[in-house]
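Okay, so here's the structure we're looking at.
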Amino acid sequence: MSTSQHSPLSIDLAGMGSADGCLLTADEVAAILRVPRSWIYSHLSELPVIRLGRYVRFKRSEVERFLENRGPCQ
């Protein structure tokens with residue numbers, strides 16, 4: 001298969017940055033929350049996380065909902 005062909009399992013990730021249901025990495029969530037990545041990993045039990053084997057991912061919409069429900073200064 002040439003590099004210009006896509007397998008049935010390939011996914012076009014070009015537009016995922018703005019998609020509501022896109023999956024974010026711990027680094028991306030840390031940047032959104034303006035906290036260190038280590039804070040994200042130490043608070044996984046509180047955050048809306050999706051576990052993919054040893055990887056963790058977050059839905060942007062769920063992270064935003066988490067922030068709304070948490071309230072100020074908690």
Side-chain angles (χ1 to χ4, degrees):
M1 181 182 314
S2 73
T3 57
S4 63
Q5 294 176 333
H6 295 285
S7 71
L9 297 177
S10 67
I11 300 171
D12 180 16
L13 300 176
M16 290 210 50
S18 62
D20 180 48
C22 72
L23 295 179
L24 304 173
T25 65
D27 286 325
E28 292 168 326
V29 174
I32 290 169
L33 300 180
R34 296 183 182 185
V35 297
R37 181 177 57 164
S38 61
W39 187 93
I40 299 297
Y41 283 108
S42 66
H43 290 82
L44 286 178
S45 63
E46 302 169 40
L47 296 168
V49 63
I50 298 170
R51 294 184 184 271
L52 303 168
R54 66 183 181 136
Y55 301 104
V56 293
R57 295 295 182 262
F58 306 84
K59 276 187 161 180
R60 178 181 290 274
S61 59
E62 293 294 321
V63 171
E64 291 170 354
R65 186 174 299 120
F66 166 80
L67 290 173
E68 290 171 5
N69 292 339
R70 187 167 170 104
C73 299
Q74 285 187 0

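Note that the coordinates shown come from a computational prediction; the quantities given were computed from them, not determined experimentally.
A distance of 5.0 Å separates CZ of R37 from CG of D27, quoted to the nearest 0.5 Å. To the nearest 0.5 angstrom, F58 atom CZ is 10.0 Å from I32 atom CD1. Rounding to the nearest 0.5 angstrom, the gap separating the CG atom in N69 from the CD atom in E62 is 9.5 Å.
Residues W39 and L33 have side chains in contact (heavy-atom distance under 4.5 Å, counting atoms from C-beta outward). Looking only at side-chain heavy atoms (C-beta outward), R60 and V29 stay at 4.5 Å or farther from each other. At a threshold of 4.5 Å between non-hydrogen side-chain atoms, the residues R57 and V49 do not count as touching. Counting only heavy atoms from C-beta outward, the side chains of Y41 and V56 approach each other to under 4.5 Å. With contacts defined as side-chain heavy-atom distances shorter than 4.5 Å, the pair L47/V63 does not qualify. Using a 4.5 Å cut-off on side-chain heavy atoms (C-beta onward), R70 and E46 make contact. With a 4.5 Å cut-off on side-chain heavy atoms, K59 and L24 do not count as touching.
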